[in-house]
Amino acid sequence: MARWVYAFGGAATDGRAEMSALLGGKGANLAEMARLGLPVPPGFTVTTEVCTHFYADGERYPEGLEEQVEAALAAVEAAVGRRFGGEADPLLVSVRSGARVSMPGMMDTVLNLGLNDRTVEALAESSGDRSFAFDSYRRFVQMFADVALGVDRGLFEEEIEILKDDKGVEADADLDADDWSGLTARFKEIVRDETGAPFPEEPRAQLWAAIGAVMRSWRTPRARTYRRLHDIPEAWGTAVNVQAMVFGNMGGDCATGVAFTRNPSTGENALYGEYLANAQGEDVVAGIRTPQSLTAADAEARGSRLPAMERAMPEAFARLMEMRDRLERHFRDMQDIEFTVEAGRLWVLQTRSGKRTAQAALRIAVDLVEDGTIAPEEAVMRIEPQALEQLLHPTLDPDAERDVVARGLPASPGAASGRIVFTADAAEQAAASGEAVILVRNETSPEDIHGMHAARGILTSRGGMTSHAAVVARGMGRACVSGAGAVRIDTESEVMLAGGRTFTTDDRITIDGSAGEVMAGEIATIQPEMTGGFARLMAWADEARRLRVRANAETPRDAEAARAFGAEGIGLCRTEHMFFDTDRILAMREMILADDEAGRRAALAKLLPMQRRDFTELFRIMEGLPVTIRLLDPPLHEFLPRTEEETAEVAAAAGVDAVKLRRRALRLEEANPMLGHRGCRLGITWPEIYEMQARAIFEAAAETGARPEVMVPLVAVGSELERIKAVIDRTAAAVTEETGTAPGYSVGTMIELPRAALRAAEIASAAEFFSFGTNDLTQTAFGISRDDSGAFLGAYRDGGILPNDPFETLDIEGVGELVRIAAERGRGARPDLKLGICGEHGGDPASVAFCHGIGLDYVSCSPYRVPIARLAAAQAALVARGQEDKET
Ligand code: ADP
Ligand code: MG
Ligand code: MG
């Protein structure tokens, strides 16, 4: 005969913690605690298989269930020496739902089940407390009617309020036994009116109705929605726990409470929680009375006048402290415990691993390693890489007052305060004198990059999560709120209107890029902590991982940040960002708009020393770590002058006619710049550009002793790379000749076009390394322009066509397949080919795991994501190792 019921806490305990799939999390842990000898009121669990059966068989229970429930109930009766429905000292039970994972949205608990007009008298008799007995009775009728019969609980609350008004009393505690008795009778009338049937008096009928209600609550719309949002399979089903009641509402030496074995917001190793004397069930969280502290220290810290449990019931508190140690040692993690004290005696009703903030998760994991509870590898596995995000950026002081004037999208995390500036140049000037500023724009463009860099944060009134401002700010690690539609920005007159107030360049604001909030004035921020526990965890992660982690960085500030975050090199230095500075854009425009090679060479000569300085500085900061420099890549239109004024400026600098220049600029306009004259195509048509860049790189290398990796973008055909490699090699030879030192270097390519991925073997003959540019590879594989994807990607995700945004998480099936093919074919042709990834995906944990799996050498991501990538790489390695161990 199949087994549908598992006992716990009485003469026998059948389940254990590992059986949560069958018994639900609550039931499995109740069994485990009973095995540990902890004071668990006896009871039994109806398995999740019964739920599955129930739905598979037209809402009928499986054969044998009734007998097994009867037998288990008899065992509980024997264990506590009371009879369910008994006329003297009756057994009451709770009926509790409990899925594999904790699931709000399902049935609430029914307490005190088994009471009726006869048993309540018996309870009054046996407890010697009529008021307690009738308070319990009315609670039962209320809860049962609500969760098993679907009667609106507000109707009962109303009755209580009316009675209190009539009596002129404030608190529930001021009502006596007769009041509760009268209310219970009234509640039953309400139930009859609402349901058309009398309230069930028979305890067994109550029990089966409650069990059925738990089963049905698995399929309520609320529960289904919750499962959909949290990827919980429909097939799991819920278990039902039936358990002998213990009473926290039987007088002053009784209580109910919740305790965390450590502080869930800070991780501090101290008991944390609340309790209420003379209360039942979830009174603590219901907010009817002010809960009291558990520890005296906490009561003092809160300035509470109510006694802490430590003082009010020292015996039970001492047991709770023992239980805390016991549970932590056993479950090897911070626990969230529910308990009740009946007549001074402590009972435990639930334990589970407690939810916690990122900060607490880190501290707890490190402390548990330190006290020998878990191994370092386990600590590494316990922190969600994404959660580190919260720890890597400044956050707002939670106690500070916030004067929110507008809301936008949480485009790039972190909090920042500063004076308002309206232009990138103003931001740069202010930052040069050490002033903190927030750059406020309707939207940003590549020309604003230097100002975005200089600012502490960026606020835009337009644009979404993938707008220029959002993408660039995330890459730079600047806080950003984008698309704050209610903010009016007049850049001309330098005025911003928000929340009915006017802000000028004299005003300071604060933005919270994690919450998408804009606040007036300066608000204190808390700086992230990179030492202590964080450093220890990262050291363990570094120990475990195989993948190297580099950063995408081009400025000295980013390079320094990258190293501070533990980057092992630069995987992508985008040289174009270096040309947007005010003093360079002019020469750049001159070069682009020149008529012929001579004109271009003249402009490039102006850029050469500046570019050389950039690289020298970068090489010095990186101190011999690998640096991959990508030659000029973006569509030229990003550099073109936009205004008459700018065109005139370029014309003057180059000494050419402005009209002619304008005509040339028009000719450079492209229908589809993303697929246009860009990447290595620039190097094919105008080799002198790459020649200048290669020269700057090699001269800087000769000066510093660096060994640069020169990277050619957007290669589709092997001979493109061969052609450009020849220019690079020739330039290196020339620099060797001139300086007398031969710079060590390697030449490789981005793989960012499907054709390149397919023809990787051919391309590898000229490339010493591949770096997967998965942003462009995603764009070209899907044929989707990232900048235009906002209009439809949402519908694709909502409609289940795509599981997530392929620009955030690598599309492993499609784009990943191209990466895999390129890696295999490339390595087939050149076994020592170095492989890395430098798209935004390099900092996405799921994508990092994929990179580990296909044997890439490194991932490269924005500096602020380096710790996330280090942790994700470690977890990927540990998971793989675990699987290998299992196989052997
Ligand atoms: P949830 O899953 O919503 O936390 P529970 O089943 O844990 O619901 O029940 C909520 C509360 O009801 C418990 O924290 C406890 O205070 C009380 N409770 C449940 N069963 C009993 C019982 N047998 N005796 C006393 N109180 C109980
Ligand atoms: Mg609850
Ligand atoms: Mg609970």
Side-chain angles (χ1 to χ4, degrees), residues 7-10 20 23-31 33-34 38-46 73 76-77 79-80 82 84 90-115 123 127 132 135-136 139-140 142-144 146-148 207 210-211 213-214 217-218 220 222-223 226 238-250 254-260 273-286 288 291 316 320 335-343 345-355:
F8 61 80
S20 65
L23 304 179
K26 200 182 284 169
N29 279 0
L30 282 168
M33 289 194 292
L38 294 175
V40 176
F44 57 88
T45 304
V46 177
L73 191 60
V76 175
E77 289 178 326
V80 299
R82 292 178 182 153
F84 188 59
L91 166 69
L92 304 187
V93 297
S94 63
V95 177
R96 317 170 66 185
S97 60
R100 222 185 277 196
V101 293
S102 148
M103 232 186 78
M106 279 180 46
M107 192 197 85
D108 289 321
T109 300
V110 178
L111 302 178
N112 312 327
L113 187 137
L115 281 175
L123 182 66
S127 66
F132 150 73
D135 175 47
S136 301
R139 284 175 185 266
F140 164 60
Q142 250 177 296
M143 282 185 266
F144 186 90
D146 173 24
V147 306
L207 179 61
I211 291 173
V214 174
S217 73
W218 177 253
T220 57
R222 256 197 320 166
Y226 185 86
T238 179
V240 187
N241 300 289
V242 177
Q243 186 176 29
M245 283 300 300
V246 288
F247 298 101
N249 58 333
M250 219 161 60
C254 302
T256 180
V258 290
F260 286 84
E274 292 177 326
Y275 83 110
L276 265 182
N278 198 12
Q280 189 175 51
E282 299 197 314
D283 287 359
V284 181
V285 283
I288 309 167
L320 183 62
Q335 296 293 298
D336 168 357
I337 306 169
E338 296 174 4
F339 67 88
T340 283
V341 179
E342 181 187 271
R345 182 154 178 221
L346 180 75
W347 295 91
V348 60
L349 293 164
Q350 188 168 350
T351 191
R352 59 187 159 199
S353 281
K355 294 239 182 317

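Values below: every heavy atom of this structure, side chains too, minus hydrogens, waters and symmetry copies. Counting starts at 1 for both ligands and their atoms, in listed order.
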**Message:** Could you measure the distance from the OG1 atom of T256 to the CG atom of D283? Nearest 0.5 Å is fine.
**Reply:**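 Answer for the OG1-CG pair, T256 versus D283, is 7.0 Å.
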
**Message:** Nearest 0.5 Å, please: how far is CZ in F8 from OG1 in T45?
**Reply:**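 The CZ atom of F8 is 5.0 Å from OG1 of T45, to the nearest 0.5 Å.
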
**Message:** Any N/O/S atom, side chain or main chain, of Q350 closer to the Mg ion (ligand 3) than 2.8 Å?
**Reply:**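 So Q350 counts as coordinating the Mg ion (ligand 3), yes.
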
Using heavy atoms and a threshold below 4.0 Å, how should the contact between [X] and ligand 1 be classified: side chain, backbone, both, or neither?
| X | value |
| --- | --- |
| K26 | side chain |
| Q243 | both |
| A244 | backbone |

**Request:** Could you tell me whether the side chains of Q280 and N112 share a donor-acceptor contact shorter than 3.5 Å?
**Result:**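 A pair is found: one side chain offers a donor N or O, the other an acceptor, under 3.5 Å apart.
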
If you count the atoms of ligand 1 from 1 in the order shown, which ones are under 4.0 Å from a heavy atom of [X]?
| X | answer |
| --- | --- |
| M245 | 22 (C), 23 (N), 24 (N), 25 (C), 26 (N) |
| T256 | 16 (O) |
| L111 | 12 (O), 17 (C), 18 (N), 19 (C), 20 (N), 21 (C), 27 (C) |
| Q350 | 4 (O), 7 (O) |

**Request:** Please lay out, stage by stage, how R96 and L30 fare under the test side-chain contact (heavy atoms from CB on, under 4.5 Å).
**Result:** CA-CA 12 Å; R96 317 170 66 185; L30 282 168; 3.9 Å; yes

**Evaluation steps, side-chain contact (heavy atoms from CB on, under 4.5 Å), between M103 and R222** = CA-CA 10 Å; M103 232 186 78; R222 256 197 320 166; over 6 Å; no

**Message:** Between K26 (side chain only) and S97 (backbone N and O only), is there a donor and an acceptor less than 3.5 Å apart?
**Reply:**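 A pair under 3.5 Å: yes.
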
**Request:** Let me see the working for M245 and L115 under side-chain contact (heavy atoms from CB on, under 4.5 Å), right down to the final yes or no.
**Result:** CA-CA 12 Å; M245 283 300 300; L115 281 175; over 6 Å; no

**Request:** Just go through D108, D336, V95, V246 and tell me whose heavy atom is the nearest to atom 25 (C) of ligand 1.
**Result:**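 Result: the heavy atom closest to atom 25 (C) of ligand 1 is in V246.
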
**Item:** Per atom 21 (C) of ligand 1, closest listed option by heavy atom (S97, S94, G98, A99)
**Value:**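 Considering heavy atoms of S97, S94, G98, A99, the nearest to atom 21 (C) of ligand 1 sits in S94.
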
**F84 vs L113 side-chain heavy atoms within contact, under 4.5 Å** =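 Result yes, sub-4.5 Å side-chain heavy-atom pair found.
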
**Prompt:** Can you check whether E338 has an N/O within less than 3.5 Å of an N/O in ligand 1?
**Reply:**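 Indeed, backbone or side chain, E338 has an N or O that close.
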
